Amino acid sequence: MDLRKKPLQGMRQLYPEDMRVDRYVLDALHSAGEAYGFEEFDAPVIEPLDLFLAKSGNELAVEQSYHFQDKSGRELILRPELTPSLARMVASAGELLWPVKWMSFPLCYRYERPQRGRAREFRQFNCDILGCDSLQAELEMFLLLRRSMEGLGVGDDIYEIAYSSRRLAAAALVASGFSEDEMLGAFHLVDRREKMPAEEWEEYVVEEVGDDDRSRALLRFARCRDVEDPWLEDAVGDTEAYEEIVELNRLLEEVGVAPAVFDASVVRGLDYYTGVVFEVADTGGRNRRALCGGGRYDDLVGLFGGKRISGVGFGLGMLTLRLFLESYDLIPQGVKESSPTTLFMTVMSDQQRGYALRLAEKLRSAGVSVEMDMSGRNLSRQFKLAGKRGVPLTAVVGPDEAASGTVGLKDMESSSQEEVKADELPDRVKAFCKDSDRDT
RNA sequence: GUGGGAGUAGUUCAGUUGGUAGAGCCCCUGACUGUGGAUCAGGUGGUCGCCGGUUCAAAUCCGGUCUCCCACCCCA
């Protein structure tokens, strides 16, 4: 047996210092979700392959997934995304209060070569609103995204929420002579616009579509950055899709969602999106990939029988988000370094260990996080460890303290130390915590 | 699946025309048997990714292979 020191390619392995950063980001996102009344849920990591064949698109379900047979020969898959499982849960739940507003932080899996911002195992922040047909759902998604970014200290100037609509794109393309069958292919062409230099993309489109009015229309459409673009109004001005995007644009302006911008070239890759689609992008140019992708899906829940329920949702990649935050130095200093422990209990010798342990337990009962020396090394070494751990307080117990029923309490930052009676220790420590909270 | 780059100590890296490996940081110990960050001294630590070839001799040259990173495909 040859044991590797590394985990399988692309699999997550977070050491505590990485986990602290993840926890910080997760907590911020969770709070943002709660601010809008989203409730957390979870679903299976392993699903029947069929669940994803139906709507996610063949490439994602088959070529880019971990799928396998179990011992009874069933075709299974490690979920590449969460939405189909969510749709099933909603379809099969008995009574639900509408609209359903759920969030989740699923680990998902894709079988592809890892690169910057892409791993084979990754966590995403998923939020969905189901059972709301109006644009209020889209609006709330945008607000939630903005609040999430704000909660992580991201300014409006370095990101955007770019949105468009698949219905709009379809209407524009049909008006320009494309057939329904060509639609997904045409979406794909539009989607690639940001991935290559403008001229190269134009040549590519002409090559794929032909040098005719249709390719010129597609090129023109993808360039629209304003819902009032005359070309767009002329092509699809009389359609519901156009009215919808104008209305969304109006709502966003009315509420003042500054990062939201219309961009006709946004179509997103997942096949089940039917209406408004959106993505969060870095506008500072440091991260090429979209941080988040989402949109409205009209017939996903209906696949499971019963009534058709429309939903809007997004997936936000924790890895891309973290790279984004790091590239703008937005992870607060304390997050990576800070220890979860409040106090380090040093012990002079084993004679005082019992006394020190009782003190430590008393503190823990009072809700204070305490780490106690286990090494029996000299005080100098114990303090050195406490310092390295970044613990704000240290308690010292030696023969004198044990005899007098006291403890030395030291503030590591200021190096000041005082004698405290053992009974008063919990209150003193908690008072210290309150003070330092107020400072920060 | 396609293309590019890289693998030497825990880590960042150096290593000349082939002559059997070195530095900073980290870690451990001591100066310092009741107090961390500083300083000084010492110490642990390597299958030079792996296998084969050329050679008296390979981290170095050649072939193969594995792994990681970056980009493409696709997407969070």
Side-chain angles (χ1 to χ4, degrees), chain A residues 2 4-11 15 29 52 56-65 79-83 104-127 145 188 191-192 194-196 267-271 273 277-281 287-295 313-324 337 344-349 351-352 373 375-402 407-417 419:
Chain A
D2 188 22
R4 298 166 32 117
K5 273 187 178 169
K6 289 175 180 167
L8 290 173
Q9 184 178 47
M11 294 296 151
Y15 285 90
L29 296 175
F52 295 91
S56 293
N58 203 55
E59 169 114 24
L60 181 58
V62 179
E63 284 158 50
Q64 308 233 89
S65 75
R79 64 181 174 203
E81 54 157 339
L82 184 71
T83 312
S104 194
F105 298 86
L107 279 176
C108 296
Y109 299 81
R110 292 187 190 172
Y111 195 83
E112 60 184 344
R113 291 273 284 270
Q115 57 188 294
R116 181 180 160 83
R118 298 289 115 145
R120 289 180 162 184
E121 178 182 51
F122 56 95
R123 195 180 288 285
Q124 45 177 59
F125 174 42
N126 250 262
C127 275
L145 281 170
H188 185 70
D191 195 35
R192 295 192 50 133
E194 299 296 328
K195 300 193 173 175
M196 52 183 93
V267 296
R268 302 308 308 160
L270 292 170
D271 290 352
Y273 290 133
V277 284
F278 54 91
E279 62 191 31
V280 172
N287 300 273
R288 203 153 273 234
R289 266 164 219 296
L291 301 176
C292 158
F314 66 79
L316 191 155
M318 295 290 295
L319 187 54
T320 36
L321 177 58
R322 182 173 173 165
L323 287 170
F324 174 81
E337 290 85 14
F344 190 99
M345 180 77 70
T346 64
V347 188
M348 277 288 296
S349 76
Q351 273 77 60
Q352 290 85 47
D373 171 72
S375 70
R377 292 188 290 190
N378 65 38
L379 272 193
S380 176
R381 299 288 163 201
Q382 296 184 37
F383 268 90
K384 196 167 183 170
L385 178 62
K388 289 233 165 84
R389 289 269 161 100
V391 177
L393 290 173
T394 323
V396 191
V397 171
D400 299 347
E401 286 82 1
V407 62
L409 184 61
K410 178 169 177 177
D411 178 336
M412 292 298 272
E413 203 186 338
S414 67
S415 283
S416 62
Q417 182 172 333
E419 222 40 27

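No experiment lies behind these values; they were computed from the predicted model shown. Chain letters run A, B, ... following the sequence lines, proteins first, then strands; residues in each count from 1.
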*Side-chain donor or acceptor of A:Gln382 under 3.5 Å from a matching atom on the base of B:G34?*
no
*Report the C-alpha separation of A:Val397 and A:Met345 in whole Å, then their side-chain angles, then the decisive distance to 0.1 Å, and conclude whether the side chain to side chain contact (heavy atoms under 4.5 Å, CB included) test is met.*
CA-CA 8 Å; A:Val397 171; A:Met345 180 77 70; 4.0 Å; yes
*Considering only atom P, compute the distance from B:A58 to B:C48 and round it to an integer number of Å.*
12 Å
*Would you indicate what A:Glu401 reaches in the nucleic acid, counting non-hydrogen atoms under 4.0 angstrom: base, sugar-phosphate, or nothing?*
base
*State which residues pass side chain to side chain donor-acceptor pair (under 3.5 Å) with A:Ser416; sequence neighbours excluded, sorted by chain then number.*
A:Ser414
*Should we count CZ of A:Phe105 as having more than 12 external heavy atoms under 6.0 Å?*
yes
*asked:* Is it the case that the base of B:G36 and the side chain of A:Thr394 share a donor-acceptor contact (distance under 3.5 Å, atom types as modelled)?
replied: no
*asked:* Nearest heavy atom decides the nucleotide; on that basis, is A:Ala290 or A:Phe383 closer to the 5' end of RNA chain B?
replied: A:Phe383
*asked:* Starting the side chain at C-beta, find the nucleotide from B:G36, B:G34, B:A76 nearest to A:Met412.
replied: B:G36
*Nearest-Å distance, CZ (A:Arg192) to P (B:C72)?*
10 Å
*Residues that A:Pro114 engages under side-chain contact (heavy atoms from CB on, under 4.5 Å), provided they are two or more places apart*: A:Gln9, A:Arg120
*P gap between B:A57 and B:G1, integer Å*: 39 Å
Report all interatomic pairs (protein N or O, nucleotide N or O of nucleotides 25-28 of chain B) with separations under 3.5 Å.
{"residue": "B:C27", "atom": "OP1", "partner": "A:Lys388", "partner atom": "NZ", "Å": "2.8"}

*Apply the test side chain to side chain contact (heavy atoms under 4.5 Å, CB included) to residues A:Met318 and A:Leu29: give CA-CA distance (whole Å), side-chain angles for both, the deciding distance (0.1 Å), then the verdict.*
CA-CA 10 Å; A:Met318 295 290 295; A:Leu29 296 175; 3.6 Å; yes
*Nearest-Å distance once atom P is located in both B:C61 and B:G3*: 24 Å
_So which atom in A:Gly408 and which in A:Glu401 form the shortest heavy-atom distance, rounded to 0.1 Å?_
N-CG, 3.9 Å
*Rounded to the nearest Å, what distance is computed from the CE atom of residue A:Met318 to the C1' atom of nucleotide B:A76?*
11 Å
*Looking only at non-hydrogen atoms, find the nearest pair between A:Thr320 and A:Ala290 and report the distance.*
CG2-O, 4.2 Å
_Could you tell me how far B:A9 sits from B:G15 if I compare only their P atoms? Round to whole Å._
15 Å
_Span that lies between the C1' atom of B:C32 and that of B:C70, in whole angstrom_ = 50 Å
*Residue whose nearest RNA chain B nucleotide is more 5′ - A:Arg288 or A:Asp411*: A:Asp411
*Between A:Ser65 (side chain) and A:Arg110 (backbone), is there a donor-acceptor pair under 3.5 Å?*
no
*Report the secondary structure of RNA chain B in dot-bracket form, marking unpaired bases with a dot and bases paired to a different strand with |, and treating Watson-Crick or G-U pairs with both distances under 3.5 Å as paired.*
(((((((..((((.....[..)))).(((((.......))))).....(((((..]....))))))))))))....
*How would nucleotides 39-44 of chain B be written as a contact map, 5' to 3', with B for base contact, S for sugar-phosphate-only contact and - for no contact, using protein heavy atoms under 4.0 Å?*
------
*asked:* For the P atoms, the ones on B:G64 and on B:G4, what distance do you get once it is rounded to whole angstrom?
replied: 14 Å
*asked:* Measuring only between side-chain heavy atoms, which start at C-beta, is A:Phe52 closer than 4.5 Å to A:Glu81?
replied: yes
*On a whole-Å scale, what distance lies between the P atoms belonging to B:G45 and B:G53?*
31 Å
*When we call it a touch if two heavy atoms are under 4.0 Å apart, what does A:Thr346 touch: a base, just sugar-phosphate, or nothing?*
nothing
*Hey, does the side chain of A:Arg79 reach the backbone of A:Leu107 with a donor-acceptor pair shorter than 3.5 angstrom?*
yes
*asked:* How many whole angstroms separate atom CG of A:Leu319 from atom C1' of B:C70?
replied: 14 Å
*Answer with base, sugar-phosphate or nothing: what part of the nucleic acid does A:Asn126 contact at a heavy-atom distance below 4.0 Å?*
nothing
*Spacing of A:Tyr109 atom OH relative to B:A76 atom C1', expressed in whole Å*: 15 Å
_Nucleotide B:G49, atom P - distance to CD of A:Gln9 in whole Å_ = 20 Å
*What integer distance in Å separates A:Lys410:NZ from B:G34:P?*
15 Å
If you restrict it to nitrogen or oxygen atoms, what contacts under 3.5 Å exist between nucleotides 3-8 of chain B and the protein, and what is each distance?
{"residue": "B:G3", "atom": "O6", "partner": "A:Arg113", "partner atom": "NH2", "Å": "3.3"}

*Does B:C73 have OP1 or OP2 sitting under 4.0 Å from an N or O in the side chain of A:His188?*
no
*Nearest-angstrom distance from the residue atom CG of A:Leu385 to C1' of B:U29*: 16 Å
*Between A:Asp411 and A:Glu413, is there a donor-acceptor pair closer than 3.5 Å when you use the side chain of the first and the backbone of the second?*
yes
*asked:* For A:Val347 versus A:Asp373, what's the shortest heavy-atom pair and its separation?
replied: N-CB, 4.5 Å
*Is A:Ser380 side chain donor-acceptor paired with the B:G34 base, going by distance under 3.5 Å alone?*
no
*Would you mind telling me which of B:C69, B:C68, B:A76 lies closest to the side-chain atoms of A:Tyr273?*
B:A76
*Quick one: does A:Glu121's side chain have a donor or acceptor within less than 3.5 Å of a partner on A:Gly10's backbone?*
no
_When you measure only distances, ignoring hydrogens and angles, does the side chain of A:Gln417 come within 3.5 Å of the base of B:U35 through a donor and an acceptor?_
yes
_d(CG, A:Asn287; P, B:C70) in whole Å_ = 12 Å
*Output the single nucleotide from B:A76, B:C70, B:C74 whose closest atom is nearest the side chain of A:Gln64.*
B:C74
*Are A:Leu145 and A:Phe278 side-chain neighbours, meaning at least one heavy-atom pair lies under 4.5 Å?*
yes
_Considering every strand and a 4.0 Å limit on heavy-atom distances, what is the contact class for A:Ala395: base, sugar-phosphate, or nothing?_
nothing
*Under the side chain to side chain contact (heavy atoms under 4.5 Å, CB included) rule, what do A:Val396 and A:Phe383 come out as? Steps first, then yes or no, please.*
CA-CA 9 Å; A:Val396 191; A:Phe383 268 90; 3.5 Å; yes
*Classify the nucleic acid contact of A:Leu321 as base, sugar-phosphate or nothing, counting any heavy atom under 4.0 Å across all strands shown.*
nothing
_Nearest-angstrom distance, C1' atom, B:G19 to B:C72_ = 45 Å
*Between the base of B:A76 and the side chain of A:Arg289, is there any donor-acceptor pair under 3.5 Å?*
no
*asked:* Are the side chains of A:Gln64 and A:Pro80 in contact, using a 4.5 Å heavy-atom criterion?
replied: no
*Dump the intermediate steps for side chain to side chain contact (heavy atoms under 4.5 Å, CB included) on A:Leu316 and A:Val280, then the final yes or no.*
CA-CA 9 Å; A:Leu316 191 155; A:Val280 172; 5.6 Å; no
